[in-house]
Amino acid sequence: MTATTINAQSNLSPDQLRAAFYELEEHHHPEGGSTMLGFWIYLMSDCLIFAMLFAAYGVLGGNLAAGPGPKDLFDLKLIALNTAMLLFSSITYGFAMLAMEKNDRARTQLWLLVTAAFGAAFLFIELYEFSHLIHEGATPMRSGFLTAFFSLVGTHGLHVTFGLIWLFTLVIQISKKGLIPANKRRLMCLSLFWHFLDVIWIGVFTFVYLMGML
Amino acid sequence: MAESYYAKAEKHVHPNADAHDGEHGSLGSLREYVVGFVLSVILTAIPFWLVMSGAIEDKQTTALVIMAFAIVQIVVHMIYFLHMNTKSENGWTVMALIFTIVLVIITLAGSLWVMFHLNTNMMPMTHDMGQLP
């Protein structure tokens with residue numbers, strides 16, 4: 001159906017017709033309206049980085065070069081503790097989001113700081129594990145397995161580090177400007193980021209640590 | 001007839017109006033977080049226990065079981081912590097997720113498959129490569 005046929009059927013002015021066929025005004029976008037989707041797509045691309053690191057670990061994981069293997073190096077009790085830290089930080093971040101929903105500024109900050117404490121504990125345990133490995137001579141240069149291991153687990157640890165920096169930045173921003181819409185949006189992005197890191201950690205402890213100890 | 005075109009044009013101005021309203025629901029509730037947390041603890045504890053105690057004799061079976069637990073736990077996190085649903089952002093988050101899962105499967109399965117065969121085929125390096133046609 002063309003414009004002329006419509007014009008013949010109804011008595012619309014050219015302006016009205018144009019409005020029917022073309023978008024004359026720019027779309028109204030609320031500020032930050034597409035941030036959440038954009039951030040989600042960033043997380044998906046981050047997921048691909050981890051997929052490649054997992055693939056590298058899968059390919060190189062068996063190349064020990066006569067060096068120490070997973071069974072000589074990993075301590076599952078430490079990993080269980082580490083996993084617990086990350087899980088606790090996930091639910092405390094959830095509590096921060098619930099407090100944010102109620103516009104409870106102090107409680108939001110409190111839960112964020114509790115989350116940061118668990119995140120820092122996770123990082124501390126991971127660094128302790130790394131230093132222990134390096135002390136034993138299991139450096140990233142030792143074998144293909146260790147290179148892949150340090151790349152994968154180290155990249156996850158770096159993500160947690162940057163998540164912590166982001167978290168502290170937001171705590172300061174909230175104390176300066178309060179729970180304004182922009183800060184709420186940022187908190188929601190960090191929420192996605194933080195829970196996403198927990199999802200990646202499920203893959204790490206299953207494929208690297210648990211299956212390595214079998 | 002022309003009326004419907006008007007309606008369409010009108011709708012175009014606020015395409016995200018519905019999605020914006022739904023955003024408040026995507027934060028989750030206390031119940032949701034607690035259920036997700038309890039499920040995660042259970043789904044984490046069982047694989048750790050299986051490996052640390054060696055409850056299942058066969059290693060292949062244990063590996064398959066803990067992989068199954070990992071997949072279930074990832075789904076639990078997606079639903080209870082990341083609040084994934086098919087409606088958020090008009091379904092685009094789910095579309096991006098499905099696309100990513102396809103790429104991840106291709107990356108992982110493809111790499112492992114190709115490199116496994118490469119290792120198998122390249123292993124015997126006894127002959128002088130210069131003599132090959």
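Source: prediction; values computed, not measured. Atoms considered below: every heavy atom in the structure, side chains included; atoms not considered: hydrogens, waters and symmetry mates. Each chain gets a letter, A, B and so on, in the order the sequences are listed, and its residues count up from 1.
B/Thr107 contributes atom OG1, which lies 11.0 Å from atom CG of A/Leu53 (distance to the nearest 0.5 angstrom). The CG atom of A/Leu210 lies 12.0 Å from the CE atom of B/Met67; values are rounded to the nearest 0.5 Å. Residue A/Ile91 holds its CD1 atom at 13.0 Å from OH of B/Tyr80, rounded to the nearest 0.5 Å. The OG1 atom of B/Thr93 lies 7.0 Å from the CG atom of A/Leu37; values are rounded to the nearest 0.5 Å. Expressed to the nearest 0.5 Å, how far CD of A/Glu101 lies from OG of B/Ser29 amounts to 9.0 Å.
Proximity to chain A among residues 48-59 of chain B is limited to B/Phe48, B/Val51, B/Met52, B/Lys59, judged by heavy-atom separations below 4.5 angstrom.
Applying the 6.0 Å contact sphere to CZ of A/Arg185 captures more than 12 heavy atoms from other residues, nucleotides or ligands. Atom OH of A/Tyr42 has more than 12 heavy atoms from other residues, nucleotides or ligands within 6.0 Å.
Contact record, B/Leu112 with A/Ala55: CD2-O, 4.3 Å, taken as the closest heavy-atom pair. Smallest separation of non-hydrogen atoms from B/Phe81 and A/Ser90: CE1-CB, 4.1 Å. Nearest heavy atom pair, residue A/Ala51 against residue B/Leu108, reads O-CD2, 3.5 Å. When all heavy atoms of B/Ala63 and A/Met211 are compared, the pair lying nearest together is CB-CE, 4.2 Å. Pairing each heavy atom of B/Ile66 with each of A/Thr206, the nearest pair is O-CG2, 3.7 Å.
At a 4.5 Å heavy-atom cutoff, A/Tyr209 makes no contact with chain B through either its backbone or its side chain. Contact annotation for A/Lys77: both backbone and side-chain heavy atoms come within less than 4.5 Å of a heavy atom of chain B. Heavy-atom distances place the side chain of A/Ile41, and not its backbone, under 4.5 Å from chain B. For B/Met95, no part sits under 4.5 Å from any heavy atom of chain A, backbone or side chain. Looking at A/Ile79, both its backbone and its side chain come within 4.5 Å of chain B, counting heavy atoms on both sides. Only the side chain of A/Thr83 comes within less than 4.5 Å of a heavy atom in chain B; its backbone stays farther off. Interface remark: B/Val76 contributes no atoms to any contact with chain A (heavy atom separation under 4.5 Å). Proximity to chain B is limited to the side chain of A/Phe205, based on heavy atoms less than 4.5 angstrom apart.
Under the 4.5 Å side-chain criterion, counting only non-hydrogen atoms from C-beta, A/Phe54 is not in contact with B/Val104. Counting only heavy atoms from C-beta outward, the side chains of B/Phe37 and A/Phe88 approach each other to under 4.5 Å. By the 4.5 Å heavy-atom criterion applied to side chains, B/Met84 and A/Trp40 are counted as neighbours. A/Phe196 has its side chain out of reach of B/His77: every pair of non-hydrogen atoms, C-beta onward, lies at least 4.5 Å apart. Between A/Val199 and B/Leu82 the shortest side-chain heavy-atom distance falls below 4.5 Å.
Top candidate by heavy-atom pairs under 4.5 Å with chain A, chosen from B/Met115, B/Gln73, B/Met78, is B/Gln73.
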